[in-house]
Amino acid sequence: MRERVAPLGDKNIVGATVTRLRLEQGITQKALIAKMQTFGADISYSSLSKLEGQTRSVSDKELYALARSLEVEISALFSVK
């Protein structure tokens, strides 16, 4: 995995947690996108990258799909570690 070059943005507060959970679970961005699509969130690689980098907002549908895909409660996406 490449190191993040740009600092995190301020468009959402869940992106860094999504990245952490995804990496802890050994899930690639491509695999997460596929899982999210099964829960009704049509998201591109670029959109997920921007979401994780906190340079784009996150919709409620995407939050739901992220939580289901990462097998966590939605509130866990807002946890800062």
Peer 1: Considering non-hydrogen atoms only, spot the tightest contact between Ala16 and Gln54 and give its length.
Peer 2: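 Closest heavy-atom pair between Ala16 and Gln54: N-OE1, 3.0 Å.
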Peer 1: Using 4.0 Å as the upper bound for N to carboxylate O, is an ion pair formed by Glu52 and Arg20?
Peer 2: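 No.
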Peer 1: Check whether Phe39 and Val14 end up in the same hydrophobic cluster, where Ile, Leu, Val, Met, Phe, Trp and Tyr are linked by side-chain heavy atoms less than 4.5 Å apart.
Peer 2: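 Each belongs to a different hydrophobic cluster.
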Peer 1: Just verifying a value: how many Å separate Thr19 OG1 and Leu8 CG, rounded to the nearest 0.5 Å?
Peer 2: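 Going from the OG1 atom of Thr19 to the CG atom of Leu8 covers 7.5 Å.
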Peer 1: Closer than 3.5 angstrom, by distance alone: can the side chain of Arg22 be matched with the main-chain N or O of Ile27 as a donor-acceptor pair?
Peer 2: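 Here the side-chain-to-backbone pair exists.
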Peer 1: Measuring only between side-chain heavy atoms, which start at C-beta, is Asn12 closer than 4.5 Å to Thr55?
Peer 2: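 Side chain of Asn12 against side chain of Thr55, heavy atoms only: no contact under 4.5 Å found.
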Peer 1: How many angstroms lie between CD in Gln29 and OG in Ser46, if you round to the nearest 0.5 Å?
Peer 2: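 Here the interatomic distance stands at 10.0 Å.
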Peer 1: Check whether any side-chain heavy atom of Leu21 lies under 4.5 Å from a side-chain heavy atom of Leu77, and answer yes or no.
Peer 2: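 Leu21 vs Leu77: side chains touch.
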Peer 1: Show your working on side-chain contact (heavy atoms from CB on, under 4.5 Å) between Leu51 and Ile43 and close with a plain yes or no.
Peer 2: CA-CA 10 Å; Leu51 185 155; Ile43 187 168; 4.3 Å; yes
Peer 1: Using modelled atom types and a 3.5 Å cut-off, is there a donor and acceptor pairing between side-chain atoms of Asp42 and backbone atoms of Gln37?
Peer 2: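 The answer is no, because no donor-acceptor pair under 3.5 Å joins these two groups.
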Peer 1: Nearest 0.5 angstrom please: Phe78 CZ to Thr17 OG1, how far?
Peer 2: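 The OG1 atom of Thr17 is 9.0 Å from CZ of Phe78, to the nearest 0.5 Å.
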Peer 1: Name the atoms and distances for all side-chain donor-acceptor pairs under 3.5 Å in residues 63-74, with sequence neighbours left out.
Peer 2:
unit_1	atom_1	unit_2	atom_2	d
Tyr64	OH	Arg68	NH1	2.5
Ser69	OG	Met36	N	3.3
Ser69	OG	Ala65	O	2.7

